[in-house]
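Here is the structure we will look at.
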Amino acid sequence: MAKADGASRPRIGLYPGTFDPLTLGHIDIIGRAVKLVDHLVIGVATNPSKTPLFNLKQRVDVIRRETAKIAGNHRATIDVKPFEMLLIKFAEEVGATVIVRGLRAVSDFEYEFQMVGMNQRLNPDIETVFLMADPRHQAIASRLVKEIAMLGGDVSSFTTPYVADLLVKRCKAPKKV
């Protein structure tokens with residue numbers, strides 16, 4: 001976007017989610033989103049309606065670790081930030097002009113369509129861009145990956161080796177009552 005003095009302002013994108021756990025689908029969207037913006041903020045949300053397997057700090061740390069290679073490819077800078085507020089307010093806070101969302105299926109679109117309408121009403125200057133999931137990752141959902149891990153299944157084809165190891169350890173740990 002050009003300023004009045006001719007200098008351009010960096011395009012900041014926001015990719016929000018709970019990322020519990022981070023999957024190959026998330027990493028695919030991040031890798032493609034950095035091609036569209038100068039700076040990508042990955043917003044790690046707390047969601048009162050969800051019970052995360054990993055706490056907020058753990059999820060932020062995992063994303064920072066697993067996206068370091070993507071950030072190092074000189075396409076865009078990446079920052080990972082936790083947030084506990086209305087998405088559009090967080091987007092304003094970080095200076096985002098674009099919200100990046102990944103779509104896997106028609107059911108995702110229905111939910112996202114409603115969110116875009118509401119976000120447009122709250123701030124018409126922030127656009128939402130949808131990236132279709134790579135066909136190899138369309139069936140991957142964090143909720144299902146957690147369930148597979150909790151039942152002792154192999155999650156290595158759904159996430160990175162590091163995250164798969166964390167999931168196995170977390171699911172084998174004694175449950176707190």
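Nothing here was measured: the structure is a model prediction, and the numbers come from that model.
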Sidechain-backbone polar pair: Asp79 side chain, Val41 backbone, donor-acceptor under 3.5 Å
no
Does the Ser142 side chain pair with the main chain of Pro21, one donor and one acceptor, at a distance under 3.5 Å?
yes
I want to check something: taking the side chain as every heavy atom from C-beta on, are Thr23 and Phe158 in contact at a cut-off of under 4.5 Å?
no
Could you tell me which non-hydrogen atom of Ala164 sits nearest to which non-hydrogen atom of Ser156, and how far apart they are?
CB-CA, 4.3 Å
From Ile70 CD1 over to Thr77 OG1, what is the distance, rounded to the nearest 0.5 angstrom?
13.0 Å
Ile126 and Phe113: same hydrophobic cluster, using ILVMFWY side-chain contacts below 4.5 Å?
no
Atom pair OG1 (Thr97) and CD1 (Ile12), whose distance is rounded to the nearest 0.5 Å
7.0 Å
Go through Ile42 and Leu40 one step at a time and tell me if the side chain to side chain contact (heavy atoms under 4.5 Å, CB included) criterion holds.
CA-CA 6 Å; Ile42 302 170; Leu40 181 66; 4.3 Å; yes
Given side chains that start at C-beta, do those of Phe19 and Val60 come closer than 4.5 Å, heavy atoms only?
no
Determine the minimum heavy-atom distance between Ala96 and Gly13, stating which atoms define it.
CB-C, 4.3 Å
Heavy atoms of other groups near Gln120 CD, more than 12 under 6.0 Å
yes
Quick check: do Val163 and Val145 have side-chain heavy atoms less than 4.5 Å from each other?
no
Is any side-chain heavy atom of Ile99 closer than 4.5 Å to a side-chain heavy atom of Pro16?
yes
Please answer whether the main-chain N or O of Thr46 pairs with a side-chain N or O of Arg59 as donor and acceptor at a distance below 3.5 Å.
no
Using side-chain contact (heavy atoms from CB on, under 4.5 Å) as the criterion, point out the one residue from Val80, Leu131, Val100, Thr67 that pairs with Ile30.
Thr67
Mind checking the OG1-CE spacing from Thr128 to Met115? Nearest 0.5 Å is all I need.
8.5 Å
Do Ile63 and His26 make a side-chain contact, defined as non-hydrogen atoms from C-beta onward lying under 4.5 Å apart?
no
Any link between Tyr15 and Val129 through a network of hydrophobic side chains (Ile, Leu, Val, Met, Phe, Trp, Tyr) touching at under 4.5 Å?
yes
Considering only heavy atoms from C-beta outward, does the side chain of Phe90 approach that of Leu14 to under 4.5 Å?
yes
Met132 atom CE: more than 12 heavy-atom contacts under 6.0 Å:
yes
According to a hydrophobic-cluster definition based on side-chain heavy atoms being under 4.5 Å apart (Ile, Leu, Val, Met, Phe, Trp, Tyr only), do Ile148 and Val62 belong together?
yes
Linking I/L/V/M/F/W/Y whenever any side-chain heavy atoms sit under 4.5 Å apart, do Phe54 and Leu24 land together?
yes
What are the two closest non-hydrogen atoms of Val44 and Thr18, and how far apart are they?
CG1-O, 4.0 Å
State yes or no: do Leu167 and Tyr162 share one hydrophobic cluster built from I, L, V, M, F, W and Y residues joined by side-chain heavy-atom distances below 4.5 Å, directly or via other members?
yes
Point-to-point distance, once rounded to the nearest 0.5 Å, from CG of Leu56 to CZ of Phe83
10.0 Å
Taking Lys57 first and then Asp61, would you say they form a salt bridge - that is, a charged N and a carboxylate O separated by under 4.0 Å?
yes
To the nearest 0.5 angstrom, please state how far the CZ atom of Arg170 sits from the NZ atom of Lys146.
11.0 Å
Any Leu122 side-chain heavy atom under 4.5 Å of Leu87 side chain
no
Measure the shortest side-chain to side-chain distance between Leu22 and Thr160 over non-hydrogen atoms and say whether it is less than 4.5 angstrom.
no
Would you confirm whether Asn119, through its side chain, and Ile88, through its main-chain N or O, come within 3.5 Å as a donor-acceptor pair?
no
